[in-house]
Colleague: 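Could you have a look at this structure, given as structure tokens, before my questions?
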Amino acid sequence: MKVFYSEVCLKHAPKHEIISGNLIDYLESPSRLIIIKEYLNSLSNFDFVSPNDYGLDPILSVHSKDYVEYLQTAYEEWLKNGGNKNGILPEAFLHHNISSSSSIKRKVKVTSPFAKAGLYCSDLSCCITKDTWESVYESAQVVISATMELKRFVEESSSEEINHFPGIFALCRPPGHHANSILSSGYCFLNNVAISTNVLKKDNNKVVILDIDYHHGNGTQEIFYLNSNPLYVSLHGSPDYPWFTGDESERGEGEGEGFNINIPLSRDTDDDEYLKALKKVINENIIPYNADYLIVSLGVDTYKEDIIGALQITTEGYKRIGEMIKSINLPTLFVMEGGYHLETIGINVGNVLLGFNT
């Protein structure tokens, strides 16, 4: 399996975040990628590939221009106005109930970097440092490059070769599935799987996004909620972050009605229960959708000892999950999302990929 990877993704390294009112060391650390890479390097099944640079156009197909410009310039403006050099965290948020005035409820034009921090972010886990944009941009390029390689393989292969496709892995950070078109949240700044999806859709391909991260991919849902392509499927722990999305009743609107499928799972969900839910949605929704490509938002924070996840998936369970994803029988791109138990993150990610290639 080809693994697209860049050490530039390691440069984003905030010192702290706030969880449950506690100031803690930043959990979405460069160590996550380093450990995964070291583990995959110890195996003979993986070949590492450096990304190309495809510029801003694929990113701007998902995210607004003003939001991208904010990410590019935020830290420098923050420092010029006396902000803490350790990074940007909002001190106020633009909440929809902040005023009864319709003029304020409409999108607000702000110039202060302190106001922008709360305009373009929805929580306290997306600290922006001097290196954040470089890593965020590179993370997207890793995924775009992997997507282009996936397209190339399909276009140049016979149907028999496609049926035995080993998959491609975009080993990137920061992750993406909590970022919507104009907001960062949950460690995510650019929505990598959404960017990949739009690259594939340009050629009229149908895409399934299967999100197996512990947390609901609220950003991916928001971006495609009105669309029938892609089909978005999320299995996630509930109730938990991001708290306000992920209910089964959220099924899409307009053209997208029925193409957004949420499967909330209780905290005691084990391997067998998880695989039962996954098999059901594969058979009833994913296979009948008859897609051309599958993109997997790969989070292993479903692990039973993860420090911010809460399901009961075991290391062996991840291999079974990979095997079941393989049964979908589509050209598949895995995109790294969450997973914060550093002692097992390498083997857990590896087991999904090895299971897929069984």
Side-chain angles (χ1 to χ4, degrees), residues 4-14 17 26 28-30 32-33 51-75 87-88 90 116-117 119-123 125-148 169-202 207 209 211 213 215-225 230 232 242 295-299 333-338:
F4 283 77
Y5 173 82
S6 170
E7 291 195 353
V8 177
C9 292
L10 306 178
K11 296 181 73 172
H12 170 68
E17 62 177 303
Y26 202 71
E28 201 288 290
S29 69
R32 300 173 62 248
L33 250 60
N52 296 318
D53 188 342
Y54 289 91
L56 283 174
D57 285 350
I59 294 170
L60 291 172
S61 77
V62 171
H63 296 283
S64 70
K65 184 178 179 181
D66 59 333
Y67 173 61
V68 171
E69 289 176 349
Y70 168 72
L71 294 178
Q72 290 174 304
T73 61
Y75 184 75
I88 300 171
K116 287 181 180 180
L119 180 65
Y120 293 114
C121 184
S122 67
D123 61 31
S125 67
C126 284
C127 182
I128 296 176
T129 72
K130 65 182 180 65
D131 298 312
T132 296
W133 170 250
E134 189 175 2
S135 288
V136 166
Y137 179 83
E138 189 75 356
S139 183
Q141 300 308 318
V142 167
V143 176
I144 297 164
S145 298
T147 305
M148 297 301 289
F169 181 32
L171 179 53
C172 57
R173 66 172 289 276
H177 74 150
H178 293 306
N180 73 20
S181 55
I182 57 171
L183 279 176
S184 61
S185 64
Y187 306 134
C188 303
F189 299 89
L190 297 178
N191 194 304
N192 294 317
V193 297
I195 293 166
S196 173
T197 296
N198 279 358
V199 169
L200 294 172
K201 283 177 62 177
K202 282 182 66 176
V207 180
I209 301 172
D211 193 330
D213 188 276
H215 303 93
H216 178 241
N218 56 303
T220 310
Q221 173 173 290
E222 182 269 343
I223 290 165
F224 295 118
Y225 203 64
Y232 177 65
I295 303 174
V296 179
S297 273
L298 175 54
L333 172 65
F334 294 89
V335 178
M336 193 66 213
E337 301 282 6

Colleague: Got a second to check how far K116's NZ is from L71's CG, nearest 0.5 Å?
Modeller: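 The distance works out to 11.0 Å.
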Colleague: With rounding to the nearest 0.5 Å, note down the distance linking CZ in F4 to SG in C9.
Modeller: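 One gets 13.0 Å once the value is rounded to the nearest 0.5 Å.
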Colleague: Is it true that the side chains of Y75 and D131 contain a donor and an acceptor less than 3.5 Å apart?
Modeller: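 There is no such pair between these side chains.
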Colleague: Go through the structure and list residues passing ring pair (Phe, Tyr, Trp, His ring centres under 6.0 Å) with H63, not counting sequence neighbours.
Modeller: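 Applying ring pair (Phe, Tyr, Trp, His ring centres under 6.0 Å) to H63 gives Y67.
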Colleague: Could you walk me through whether Q141 and I144 pass the side chain to side chain contact (heavy atoms under 4.5 Å, CB included) test, one step at a time?
Modeller: CA-CA 5 Å; Q141 300 308 318; I144 297 164; 4.1 Å; yes
Colleague: Step through the shown structure and confirm whether more than 12 heavy atoms of other residues, nucleotides or ligands are within 6.0 Å of NZ on K130.
Modeller: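 No, because the 6.0 Å sphere around NZ of K130 holds 12 heavy atoms or fewer from other groups.
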Colleague: Which residue pairs satisfy the salt bridge (charged side-chain N to carboxylate O under 4.0 Å, His left out) criterion with at least one member in residues 134-143, sequence neighbours excluded?
Modeller: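 Found K11-E134.
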Colleague: Would you say the side chain of L33 lies within less than 4.5 Å of the side chain of L171, judging by non-hydrogen atoms?
Modeller: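 Side-chain contact under 4.5 Å: yes.
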Colleague: Would you compute the distance between atom CZ of F224 and atom NZ of K201 and round it to the nearest 0.5 angstrom?
Modeller: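 Spacing of CZ (F224) from NZ (K201) equals 5.5 Å.
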Colleague: Is S139 reaching over with its side chain to a backbone N or O of P174, donor-acceptor style, under 3.5 angstrom?
Modeller: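 Yes; at least one donor-acceptor contact below 3.5 Å.
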Colleague: Is a side-chain N or O of H178 found less than 3.5 angstrom from the main chain of N191, in a donor-acceptor match?
Modeller: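 No: the side chain of H178 does not pair with the backbone of N191.
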Colleague: As a quick check of understanding, evaluate side chain to side chain contact (heavy atoms under 4.5 Å, CB included) for Y137 and D53, giving each step before the final call.
Modeller: CA-CA 9 Å; Y137 179 83; D53 188 342; 2.4 Å; yes
Colleague: Minimum heavy-atom separation for I88 and A117, please, with both atom names.
Modeller: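 Closest approach of I88 to A117, heavy atoms only: CG2-CB, 3.7 Å.
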Colleague: Out of curiosity, N180 CG to C188 SG, how far, rounded to the nearest 0.5 Å?
Modeller: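 Taking CG in N180 and SG in C188, the distance rounds to 10.5 Å.
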Colleague: Between Y26 (side chain only) and S125 (backbone N and O only), is there a donor and an acceptor less than 3.5 Å apart?
Modeller: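 It does hold such a pair.
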Colleague: First locate atom CG of L10, then atom OH of Y5, and finally report the distance between them rounded to the nearest 0.5 Å.
Modeller: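 Interatomic distance, L10 CG to Y5 OH, rounded to 0.5 Å: 4.0 Å.
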Colleague: Shortest non-hydrogen contact from N218 to P242?
Modeller: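 Result for this residue pair: OD1-CG, 3.5 Å.
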Colleague: Would you confirm whether S181, through its side chain, and I223, through its main-chain N or O, come within 3.5 Å as a donor-acceptor pair?
Modeller: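 Pair absent, no side-chain N/O of S181 close to backbone of I223.
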Colleague: Ignoring hydrogens and geometry, is there a side-chain-to-backbone donor-acceptor pair from E17 to C126 under 3.5 Å?
Modeller: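 No; judged by distance alone, with no hydrogens or angles, the pair does not exist.
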Colleague: Please give me the minimum heavy-atom distance between S64 and I182, naming the atom from each residue.
Modeller: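 For S64 versus I182, the nearest heavy atoms are OG-CG2, 3.4 Å.
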Colleague: Mind running side chain to side chain contact (heavy atoms under 4.5 Å, CB included) on L298 and F169 for me, showing each step along the way?
Modeller: CA-CA 9 Å; L298 175 54; F169 181 32; 4.1 Å; yes
Colleague: So, for A140 and I195, which heavy atoms are closest and what is the spacing to 0.1 Å?
Modeller: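 Answer, listing the atom of A140 first, then I195: CB-CD1, 4.2 Å.
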Colleague: For a side chain to side chain contact (heavy atoms under 4.5 Å, CB included) check, start with the C-alpha distance between V143 and Y54, then their side-chain angles and the critical distance, and finish with the verdict.
Modeller: CA-CA 10 Å; V143 176; Y54 289 91; over 6 Å; no
Colleague: Could you check if a side-chain atom of F189 sits within less than 4.5 angstrom of a side-chain atom of I128, using non-hydrogen atoms only?
Modeller: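 Contact flag for F189/I128 side chains = yes.
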Colleague: Would you check if the side chain of D123 reaches a backbone N or O of G186 as a donor-acceptor pair within less than 3.5 Å?
Modeller: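 Side chain of D123 to backbone of G186: a pair is present.
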Colleague: Starting at CG of L56, measure out to CD of E69 and round the result to the nearest 0.5 Å.
Modeller: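 Rounded to the nearest 0.5 Å, the CG-CD separation comes out at 9.5 Å.
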Colleague: Quick check against the 3.5 Å criterion: does T132 have a side-chain atom that pairs as donor or acceptor with the backbone of T129?
Modeller: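 Looks like yes, one N/O pair under 3.5 Å.
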Colleague: Test H12 against every option in C127, S135, S29 by the side chain to side chain contact (heavy atoms under 4.5 Å, CB included) rule and name the one that passes.
Modeller: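 Answer after filtering C127, S135, S29: S135.
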Colleague: Is any side-chain heavy atom of L200 closer than 4.5 Å to one of I295?
Modeller: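 When only atoms from C-beta onward are counted, L200 and I295 do touch, with a gap below 4.5 Å.
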Colleague: Do you know which two heavy atoms are closest between P58 and V199, and how far apart they sit?
Modeller: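 So the two residues come closest at CB-CG2, 4.2 Å.
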Colleague: Taking N192's backbone N and O only, do any of them form a donor-acceptor pair with S196's side chain (distance below 3.5 Å, no angle check)?
Modeller: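 Checking the backbone N and O of N192 against the side chain of S196, no donor-acceptor pair under 3.5 Å is found.
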Colleague: Can you tell if the side chain of C172 reaches within under 4.5 Å of the side chain of V335, non-hydrogen atoms only?
Modeller: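 Answer yes - side chains close enough.
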Colleague: Check whether D213 reaches the backbone of E337 with its side chain - one donor and one acceptor, N or O, closer than 3.5 Å.
Modeller: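 No, because the side chain of D213 does not come within donor-acceptor range (under 3.5 Å) of the backbone of E337.
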Colleague: I'd like to know whether the aromatic ring centres of Y120 and Y70 sit less than 6.0 Å apart in this structure.
Modeller: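 Yes.
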